[in-house]
Each structure stands twice: as C-alpha cells, then as structure tokens.
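Note that the structure is predicted; figures quoted are calculated from it, not measured. Every heavy atom of this structure was used, including side-chain atoms; hydrogens, water molecules and symmetry mates were not.
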Amino acid sequence: MADVRDILELERPVTPELTKESLLNSKKRNVYERKIVAKRPEGMHREVFALLYNDNKDAPPLLPTDNVSCYKQTKARLGMKKVRRWEWAPFVNPARTDGAVFHHWKRASEEQKEYPFAKFNKQLDIPSYTLNEYNAHLKTNPSKWTKQQTDHLFDLAKRFDVRFIIMCDRWERANYGIKSVEDLKERYYEVVGILNKVRNNASEKKIFVFDAEHERRRKEQLKKLFDRTTKQVEEEQMLLNELKKIEARKKERERKTQDLQKLISQADQQQTEHHQKEQQQQSQQAQNTSHKKQDKKLNKKKIQQQPRTSKVDSVVSAVESAGIKFTDLRGTGVSLRSQKMKLPANVGQKKAKALEQVLQEFKVDPNPPPIEDICVAFNELRSDMVLLCELRTALATCTFELESLKHQYEALCPGKTLNIPAALVNPVTDDTMVGMDDSMSMM
C-alpha cells in the first residue's frame with residue numbers, strides 16, 4: 001500500500017516508531033494469548049477434544065440436530081424458541097396383511113405419512129393352476145412329482161419369494177420325500193414354462209429352462225476343485241507353466257516361419273519383375289527387328305538361340321499358394337472368438353487394403369458378429385477374394401504372354417499373322433480389366 005500511495009502521490013500514513021516499549025508490549029500480548037489457549041489433556045484423542053472445544057468456545061449440543069441450512073451452525077440453539085411437542089403415535093405398515101399396529105415418536109405438528117419402508121416390500125407373481133390344468137398339462141410320472149409335492153413346492157415359493165435354498169431347507173421331507181435344490185428348480189421352471197405356453201403368455205414373459213443335470217455336474221466339478229490337495233495344486237501350476245513355455249516356443253517358430261515366407265515372397269516378386277522387364281525388352285527387340293530387313297536372318301537366329309523366359313510358371317505357383325491361412329486358436333484359457341477373424345501377420349498392408357476395398361465393393365460388413373459359422377464363412381470369403389485377385393493377375397499375365405508371342409511370330413514371319421484360338425482369348429470386358437488392374441496394383 002505504501003508503494004501505491006507513492007505512485008498516486010498521496011500522503012503515506014505515519015508509521016509508529018519502533019521502540020523498546022512497543023516490542024515488550026507485543027511480546028507480553030503474545031504470551032497472554034498463548035496462555036488462554038486450552039490444552040488438550042494427555043491421552044485424549046484430537047477428534048474427541050475437537051468435540052468439546054472449538055474456536056468460539058461454545059458448549060457442545062445436548063441434542064442432535066438436522067439443521068443443515070448453514071454449515072457453520074450445526075448445533076441446536078437451545079432456549080431461543082419454544083420447544084416443539086413430540087408424541088408417541090401409532091402407525092401401520094401397508095406391506096403387512098395381519099393388521100399389526102406399531103408406535104414411534106413423531107412431532108405433533110407433522111402429518112401422518114405412509115410408512116417409508118413399505119416400498120421395499122416387493123411381491124413376486126407366483127402363478128397358480130387349477131386341477132384341470134394340472135391333469136391336462138402338468139401331470140408327470142408319480143415317482144418323480146405328485147400333485148401334493150407340486151402344491152407344496154408352489155406354497156413354499158409364495159412364502160419365501162422363490163428363494164430355493166430356503167425352500168429346500170423348509171421342505172417337509174417326512175411327508176413329501178427328499179428333494180434337492182436342483183429338483184425344486186427344475187420342477188418349478190418346468191411348471192411355469194408350461195403354464196405360460198398354455199395361457200399364451202410366451203410373448204409377454206420369457207420362458208426359462210433349467211438344466212438340472214448340468215447344474216449337478218457343475219457343482220461336482222467345483223467340489224472336486226475345492227477338495228484338491230496342495231500337491232495337486234502345485235502340480236497343476238507346474239503343468240500350466242510348461243504349457244505357457246510350449247506356446248511361447250510355438251509362437252516363436254510361427255514368427256520365424258512367417259518372416260521366412262515374407263523373404264521368399266519378396267524374392268519371388270523381384271524375380272517376376274526381372275522376368276517381366278526381360279520379356280518387355282525381348283518384345284521391343286522383336287518389333288525393332290521387323291523394321292530392319294537386312295539383319296532379319298541374324299535376328300532370327302539370335303531369337304531362336306535365346307531361351308525365352310516366361311512368367312506363366314511363376315504366376316501358376318503364386319496361384320497355387322494363394323489364399324489366407326488363418327491360425328487356429330487351440331490354446332488353453334479364455335479367448336475371444338473374434339480373434340479367429342484377425343488377419344495373420346504374413347498378410348501385407350497392401351493386401352489388407354485391397355481386401356477392405358473388395359469388401360466395400362461387394363457391400364460386406366468388414367466387422368461381422370463373431371458367431372462360429374460367421375467366422376468360418378468370413379475367413380473363407382476373404383481367402384477366396386485373395387485367390388480371385390491372384391487369378392486376375394494370372395489372367396493378365398497370360399494375355400500379355402499371348403500378345404508377346406504374336407509379336408514375335410509376326411517379326412520372324414513378315415506378312416503372316418498369328419491367329420490366337422477363341423478359347424485362349426480373354427473374355428472379360430474393358431470395365432472388368434480396369435477393375436482387375438486396380439486390384440492387381442493394390443495387391
């Protein structure tokens with residue numbers, strides 16, 4: 001503030017002179033303030049001491065209060081107003097049907113409200129059946145279930161809200177025989193499903209089917225798992241560790257095989273490109289020799305002596321190895337079925353983009369739901385698409401070979417024309433050739 005006053009050219013307040021008396025008075029005041037601070041008794045926790053004393057030295061409240069209008073004033077201010085009257089009032093729980101009357105304390109000024117906990121009483125809709133319905137649809141082998149046993153089962157279901165563990169505990173074994181939890185569940189859901197079908201409620205309510213044999217086997221397996229000894233657990237863990245090592249070595253071998261396959265494919269591609277360049281040079285050389293009549297015989301001998309490299313053999317081998325070999329997930333543990341549709345690592349980025357373009361062209365969902373049948377069909381479809389592109393490439397190569405042979409024949413035999421048979425002529429149209437060229441360029 002002194003700097004601001006100097007900038008605004010205002011008078012600065014007179015600062016008191018620092019003397020020995022002023023320093024002594026300030027120390028006395030600090031000592032006095034320090035003395036009046038209450039000290040926490042030894043052995044008392046800080047939280048308990050905070051309940052007894054605060055900054056304003058107010059006495060702790062005698063009664064709890066629900067006044068939350070101001071967070072700084074949480075204690076009841078007694079003696080300020082007249083105390084509101086409380087009364088011991090009766091109330092009724094609507095969830096009970098026995099007409100029981102209870103009492104609790106409430107303010108006399110408050111109106112009687114519905115018991116708030118009655119809304120938590122949820123009643124299940126347990127179906128009932130008549131004697132005619134039982135005889136017509138629900139009657140089974142008396143050695144398994146009789147009408148008296150079925151009636152007792154649905155009576156327990158109404159009493160205990162289909163809690164089968166409690167129902168099995170309250171089952172009267174002396175009168176109705178011994179029944180397990182699985183037997184009760186199977187009979188209950190069987191009767192409910194039959195009644196829904198008979199009363200045409202199948203569309204409104206879902207029909208549940210309980211497989212008792214599967215539940216028994218599941219519990220038996222859990223019991224065997226629970227009864228394992230420490231030695232058996234250690235042996236199983238050792239076998240799992242060995243299995244992980246075997247799978248790791250298998251993945252490493254697959255990775256090396258894929259890397260080797262990539263190198264082989266790259267070498268084949270370079271070799272085919274080299275053959276194609278030689279073929280183009282030979283065709284150009286053959287065309288040049290047709291214009292030079294003086295060197296016709298020499299060129300004829302050279303062409304006959306030179307072995308003609310063909311690309312057909314390499315293309316045929318590429319077609320035979322075409323397609324995608326998807327890995328079969330046979331490892332233990334939990335795995336997603338969608339992993340079966342994942343492209344292998346040996347599929348290049350260009351081939352993957354070409355597959356996406358072809359799927360989009362044929363309006364096929366690139367990420368279908370991974371059902372078992374859909375996974376198999378989708379993988380076969382993509383493998384066939386890759387084979388189709390390889391066949392298109394082979395067709396274009398054969399067409400180029402035919403045209404090259406035709407030019408060579410015309411160069412060697414002036415005045416004659418080689419007629420290619422109709423069976424060897426490419427039957428596709430120009431538009432199809434454009435699509436094939438695009439796919440070949442992407443592959």
Side-chain angles (χ1 to χ4, degrees), residues 33-130 150-176 181 184-185 188-189 191-192 195-196 199 201 204-206 208:
E33 290 178 355
R34 221 178 287 121
K35 286 182 180 180
I36 63 176
V37 174
K39 184 178 180 181
R40 177 165 59 90
E42 185 179 357
M44 180 180 290
H45 291 286
R46 179 176 55 83
E47 292 80 2
V48 179
F49 183 72
L51 296 175
L52 299 177
Y53 294 95
N54 55 14
D55 297 338
N56 298 328
K57 298 301 176 186
D58 294 334
L62 299 178
L63 293 175
T65 178
D66 56 353
N67 183 14
V68 294
S69 59
C70 182
Y71 68 92
K72 293 183 179 180
Q73 184 180 344
T74 58
K75 298 179 182 179
R77 301 177 64 182
L78 303 177
M80 301 298 293
K81 295 181 181 179
K82 187 177 180 181
V83 179
R84 289 175 292 181
R85 184 172 173 272
W86 290 74
E87 63 179 2
W88 184 250
F91 71 95
V92 179
N93 187 357
R96 299 179 64 105
T97 58
D98 54 357
V101 179
F102 305 95
H103 293 77
H104 64 172
W105 285 102
K106 78 175 191 68
R107 290 193 178 98
S109 58
E110 293 182 353
E111 299 179 357
Q112 187 69 26
K113 298 180 181 179
E114 184 180 358
Y115 189 60
F117 296 98
K119 62 183 179 181
F120 296 105
N121 184 43
K122 302 295 182 181
Q123 299 292 333
L124 298 179
D125 185 15
I126 307 298
S128 59
Y129 51 86
T130 61
T150 307
D151 294 340
H152 183 53
L153 171 65
F154 275 79
D155 179 60
L156 292 176
K158 291 179 182 179
R159 287 170 55 191
F160 301 110
D161 293 333
V162 200
R163 295 181 176 91
F164 289 101
I165 303 297
I166 304 176
M167 291 166 57
C168 182
D169 182 69
R170 300 296 191 274
W171 182 265
E172 297 182 5
R173 296 173 177 82
N175 299 329
Y176 303 105
V181 179
L184 300 182
K185 285 185 179 182
Y188 176 80
Y189 287 115
V191 173
V192 172
L195 291 177
N196 288 335
R199 298 171 183 176
N201 294 332
E204 298 178 1
K205 298 180 180 179
K206 186 177 180 180
F208 296 96

Of all heavy-atom pairs linking Ala100 and Val92, the shortest is O-CG1, 4.0 Å
(message) In the structure I gave you, are the side-chain heavy atoms of Tyr176 and Leu153 within less than 4.5 Å of one another anywhere?
(response) no
Phe154 vs Tyr129 aromatic rings, parallel, tilted or perpendicular, using cut-offs 30° and 60°? perpendicular
For Phe208, the ring pair (Phe, Tyr, Trp, His ring centres under 6.0 Å) test, sequence neighbours excluded, returns none
The reported gap from CG in Asn93 to CG in Asn121 (rounded to nearest 0.5 angstrom) is 7.5 Å
d(Arg159 CZ, Ile166 CD1) to nearest 0.5 Å is 11.0 Å
Tightest non-hydrogen contact, residues Met167 and Leu184, listed as C-CD1, 4.1 Å
By salt bridge (Lys or Arg N to Asp or Glu O under 4.0 Å), Asp169 pairs with (sequence neighbours left out) none
Here the pair of heavy atoms bringing Pro90 nearest to Gln112 is O-NE2, 3.5 Å
Heavy atoms of Ser128 and Leu195 approach each other most closely as O-CD1, 4.2 Å
Q: Answer yes or no: is there a donor N or O on one side and an acceptor on the other, between the side chain of Arg40 and the main chain of Met44, under 3.5 Å?
A: yes
Determine whether a donor-acceptor pair (N or O, by modelled atom type, separation under 3.5 Å) exists between the side chain of Asp155 and the backbone of Asp151. no
Q) Is any side-chain heavy atom of Ile126 less than 4.5 Å from a side-chain heavy atom of Tyr188? A) yes
Across all chains, not counting sequence neighbours, the ring pair (Phe, Tyr, Trp, His ring centres under 6.0 Å) partners of Phe117 are Tyr115
- Message: Looking at Lys106 and Glu110, would you say the former's side chain and the latter's main chain have a donor-acceptor pair under 3.5 Å?
- Response: yes
Value for CZ (Arg84) from CH2 (Trp86), rounded to nearest 0.5 Å, stands at 7.5 Å
Under 4.5 Å between any side-chain heavy atoms of Arg173 and Cys168, yes or no? yes
Heavy-atom closest pair (Pro127 atom, Arg199 atom, distance to 0.1 Å) is CB-NH1, 4.4 Å
Quiz item: Does the gap between the ring centers of Phe91 and His104 come in under 6.0 Å?
Solution: yes
Heavy atoms of Ala118 and Pro94 approach each other most closely as CB-CD, 3.7 Å
